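Worksheet: the structure to be examined is printed underneath.
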There are 2 protein chains.
Amino acid sequence: MERVTIYQVAEAAGVSVATVSRALNGGPVAPETRTRVLAAVRRLGYRPDRLAQGLATGKSRTVGVVIPDAAGPLYGQMQRGLADVLAAAGFGYIATESRRDPGREAALLDEMLARKVEALVLVGSGLPPEALKARFGKLPPVVLIEREGGEAGVPTFQIDNERGAYRATRHLIEAGHRRIAHVRGLRRAGREREAGYRRALAEAGLAPGPVVAGDFSEEGGYRAARELLAAGGFTAVFVANDRMALGVYRAAFEGGLRIPDDLSVVGFDNLPFAAYLNPPLTTLEQPAQRLGALAGEAVLALVGGRPITGQVLPCGLKARASVKHIEGGTV
Amino acid sequence: MERVTIYQVAEAAGVSVATVSRALNGGPVAPETRTRVLAAVRRLGYRPDRLAQGLATGKSRTVGVVIPDAAGPLYGQMQRGLADVLAAAGFGYIATESRRDPGREAALLDEMLARKVEALVLVGSGLPPEALKARFGKLPPVVLIEREGGEAGVPTFQIDNERGAYRATRHLIEAGHRRIAHVRGLRRAGREREAGYRRALAEAGLAPGPVVAGDFSEEGGYRAARELLAAGGFTAVFVANDRMALGVYRAAFEGGLRIPDDLSVVGFDNLPFAAYLNPPLTTLEQPAQRLGALAGEAVLALVGGRPITGQVLPCGLKARASVKHIEGGTV
DNA sequence: CTGGGCGATGTAAGCGGTTACATCGCCATG
DNA sequence: CATGGCGATGTAACCGCTTACATCGCCCAG
């Protein structure tokens with residue numbers, strides 16, 4: 001691969017390499033010289049070597065993204081938002097999965113630091129920032145997405161899980177439900193959604209219905225729902241995510257319960273399938289792509305030395321047919 | 001950030017930088033010296049700068065991945081397979097979405113080449129290799145996943161869509177169906193699946209039922225199914241992917257048809273929701289993670305100068321309750 | 001005893017850029 | 001007319017690492 005270097009461009013344009021570099025990076029160059037250089041660049045097909053640039057400047061124009069689990073359905077959207085704003089600014093990114101394994105995560109970070117990433121985007125659960133600081137000493141700027149532990153100067157972007165869950169639950173209450181069960185999720189999102197659920201109930205003077213733990217998977221939702229149905233005593237259930245809601249649908253069907261006539265269900269995430277279930281699932285939409293885009297802008301700000309603060313994004317209720325307005329009644 | 005360089009390690013260990021480099025990279029070094037160097041490395045927390053290494057060796061230990069659409073549900077799995085084998089070999093990767101936009105794709109490749117990727121993994125549809133060659137001249141080794149145009153020396157890994165579709169259709173035929181409709185997908189996967197469908201039918205001496213075009217989305221499946229149902233004349237339908245199958249479920253329900261009693265359905269992909277639909281959807285499972293892993297191994301082989309050939313992976317039928325065994329009858 | 005060979009190590013030249021500093025005209029000013 | 005200042009450009013050092021080549025002991029064979 002006969003790479004074209006800046007020297008060849010310099011020679012072709014009849015100037016020095018310094019001038020070529022300046023012409024390319026907006027340094028002080030006579031307009032006429034600049035066009036000559038650019039012409040040579042084009043003619044030769046010159047493309048600056050990012051590695052060499054990085055070595056010389058200490059900047060790699062790369063950001064590292066660490067995510068617990070890339071298989072999540074919303075991750076794709078988030079990544080898209082992030083990638084777009086970064087790419088527009090000429091930044092590349094390297095992304096990797098931590099699999100929720102601290103050792104693995106540390107190794108990934110090590111590798112990223114070796115590649116001189118200019119910023120780190122940490123998504124979801126993982127090593128707490130203090131642990132990182134202890135292990136790695138000085139770190140490049142960090143942006144957190146849906147992750148705890150953002151101190152001052154570490155912008156955190158997240159979905160308002162608590163408020164979303166609150167809205168979901170309120171939606172059920174307003175539909176006339178008085179006994180509302182909950183299938184809980186995992187980790188922080190799970191806790192926050194449960195909190196919102198409880199707040200809505202408390203505010204309405206209602207006792208929390210049965211609450212059972214799930215693991216965010218279809219199977220987990222299914223098992224949780226069976227447990228719930230065995231107990232009975234509720235007319236609606238707020239499920240911490242759509243995948244589990246699917247399991248709930250299944251358990252309800254097997255139990256001979258019709259949704260929403262016998263049981264109303266609200267999910268969370270608004271996955272693509274939600275609108276096409278039978279009945280269509282009422283759920284909360286997460287602005288995942290926007291979350292990614294905001295994080296990307298935060299990265300750019302931080303890299304540019306501008307301070308920036310995080311944000312909590314609301315999620316919107318998608319009311320569909322899985323919730324029934326009732327007068328009374330109990331499973 | 002006071003980076004520790006190889007010079008500091010050399011000084012601390014009382015050797016020259018060359019020796020440090022050799023000790024680290026398995027060059028000829030006296031055992032005693034090596035331990036001394038490694039001790040210094042540990043003590044100082046030295047971490048080689050990948051950029052500088054890359055510049056010096058011409059190798060970046062990075063591979064570039066281009067994918068049309070990262071939001072696809074199977075992409076996460078594929079990426080996991082790929083990332084794992086790459087990471088185990090000390091390779092990082094930069095991934096980006098082309099959005100099926102040739103201009104964008106070309107720009108991405110340009111950026112990757114500038115970063116001196118040692119190999120390219122091209123996923124799904126995109127610029128044909130000849131176009132790439134014309135635009136970029138010499139390219140690093142390329143591995144194709146689910147993409148056309150692999151010539152000699154360009155290993156291609158793909159799912160056996162045709163055979164999968166054939167199996168799906170056979171499954172319906174064996175269940176007694178004689179009039180089998182098809183909701184077609186897009187691009188190559190769509191064409192291949194349709195081909196398998198037609199082959200199974202032809203082989204069984206059956207006429208292809210109504211075939212209507214879909215776009216792989218729930219909505220597309222829904223619309224296609226409505227069109228199909230308006231025509232009628234079939235007892236089963238093979239849908240080119242699970243998401244569209246969901247739309248078919250919806251249309252069937254709205255049309256008052258019960259699945260599988262009035263209509264049998266087979267999908268493709270085995271997305272997580274498939275097993276939890278009502279009824280559970282019979283579909284074909286794609287070994288996406290394995291596909292990624294194989295591609296990763298191919299990259300490693302190519303980078304190591306070993307030739308390697310592509311592979312076509314079969315997909316397995318997950319028989320579930322959306323198909324009914326029948327004696328006769330027509331919608 | 002001496003020269004050759006070999007393994008361990010050091011020296012220094014790149015890799016392809018950026019950039020501090022020096023140089024060089026040229027023009028306005030005193 | 002000499003001088004200072006300024007914009008455009010060139011020179012060369014440096015970023016952190018790898019590696020070809022030189023050097024240096026040391027051991028063994030002649």
Side-chain angles (χ1 to χ4, degrees), chain A residues 1-38 40-41 44-62 90 92 110-111 113-118 140, chain B residues 1-38 40-41 44-62 90 92 110-111 113-118 140:
Chain A
M1 229 174 293
E2 15 53 55
R3 270 194 78 71
V4 181
T5 74
I6 200 172
Y7 287 89
Q8 332 215 20
V9 174
E11 184 170 359
V15 296
S16 72
V17 294
T19 300
V20 174
S21 177
R22 281 189 285 255
L24 255 24
N25 302 312
V29 180
E32 191 274 336
T33 309
R34 164 164 290 130
T35 44
R36 196 144 40 87
V37 169
L38 294 182
V41 163
L44 269 46
Y46 169 72
R47 177 192 308 128
D49 182 324
R50 297 283 185 213
L51 264 39
Q53 279 185 319
L55 216 217
T57 60
K59 270 100 186 22
S60 62
R61 298 195 80 69
T62 304
D110 225 35
E111 180 64 26
L113 293 180
R115 286 171 191 271
K116 280 219 190 75
V117 295
E118 294 190 54
Chain B
M1 235 176 289
E2 16 53 55
R3 271 194 77 71
V4 181
T5 74
I6 202 173
Y7 285 90
Q8 331 215 19
V9 175
E11 185 172 357
V15 296
S16 73
V17 294
T19 299
V20 174
S21 176
R22 280 189 285 254
L24 255 25
N25 302 313
V29 181
E32 191 275 338
T33 310
R34 164 164 290 133
T35 44
R36 197 144 39 88
V37 169
L38 294 182
V41 164
L44 269 46
Y46 169 71
R47 179 193 305 128
D49 181 323
R50 297 282 185 214
L51 265 39
Q53 280 185 319
L55 181 55
T57 59
K59 268 96 187 23
S60 62
R61 298 196 78 69
T62 304
D110 224 35
E111 181 63 25
L113 293 180
R115 286 172 191 272
K116 281 217 188 74
V117 294
E118 293 189 54

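Since this is a predicted model, take the numbers as computed values, not measurements. In what follows, chains are A, B, ... by sequence order, proteins preceding strands, each numbered from 1.
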- Query: If only atom types and distance count, is the side chain of A:Thr19 paired as donor or acceptor with the main-chain N or O of A:Val15 below 3.5 Å?
  - Reply: no
- Sugar-phosphate only, base, or nothing, as touched by B:Val20 at under 4.0 Å among non-hydrogen atoms: nothing
- Query: Okay, side chain of A:Glu118, backbone of A:Lys59: is any donor-acceptor separation there less than 3.5 Å?
  - Reply: no
- Message: So, does B:Thr33 get its side chain near the phosphate of C:dT9, meaning an N or O under 4.0 Å from OP1 or OP2?
- Response: yes
- Query: Over how many whole Å does the gap from A:Leu51 atom CG to D:dC14 atom P extend?
  - Reply: 22 Å
- Query: A:Ser16 or A:Tyr7: which one's nearest nucleotide on DNA chain D is closer to the 5' end?
  - Reply: A:Ser16
- Is there a donor-acceptor contact under 3.5 Å from the side chain of A:Arg36 to the main chain of A:Ala13? yes
- Query: Do side-chain atoms of B:Thr62 reach the backbone of B:Ser60 as a donor and acceptor pair under 3.5 angstrom?
  - Reply: yes
- Output yes when at least one side-chain N/O atom of A:Gln53 is less than 4.0 Å from OP1 or OP2 of C:dT18, else no. yes
- Tell me which of A:Ile6 and B:Ala30 sits closer to the 5' end of DNA chain C, going by the nucleotide each one is nearest to. B:Ala30
- Message: Distance check needed: C:dT18 P versus A:Arg61 CZ, whole Å only.
- Response: 11 Å
- Query: B:Leu24 has an atom CG; how far is it from atom C1' of D:dT19, in whole Å?
  - Reply: 15 Å
- Note on the structure: Between CZ of B:Arg36 and C1' of C:dT9 the distance, given in whole Å, is 11 Å
- Start at the 5' end of DNA chain D and walk down; is the nucleotide closest to A:Ala56 or to A:Val29 reached first? A:Val29
- Any side-chain N or O of B:Ser21 under 4.0 Å from OP1/OP2 of D:dT18? yes
- Can a side chain N or O of A:Tyr46 be found less than 4.0 Å away from OP1 or OP2 on C:dG17? yes
- Task: Choose from C:dA8, D:dT9, C:dT18 the nucleotide whose nearest atom is closest to any side-chain atom of A:Thr19.
- Result: D:dT9
- Query: When the distance from CZ of A:Arg22 to P of D:dG7 is rounded to whole Å, what number comes out?
  - Reply: 14 Å
- Query: Is any side-chain N or O of A:Thr57 closer than 4.0 Å to OP1 or OP2 of C:dT18?
  - Reply: no
- Item | Donor-acceptor contact below 3.5 Å, side chain B:Arg115 vs main chain A:Arg50 | no
- Between the base of D:dG16 and the side chain of B:Arg50, is there any donor-acceptor pair under 3.5 Å? no
- Note on the structure: A:Asn25 atom CG is separated from C:dG16 atom P, nearest whole Å, by 17 Å
- If only side-chain N and O atoms of A:Thr5 are considered, is one of them under 4.0 Å from the OP1 or OP2 phosphate oxygen of C:dG16? no
- In whole angstroms, how far is the C1' atom of D:dC17 from the CZ atom of A:Arg115? 15 Å
- Message: What is the distance, to the nearest angstrom, from the CG atom on A:Leu55 to the P atom on C:dT19?
- Response: 13 Å
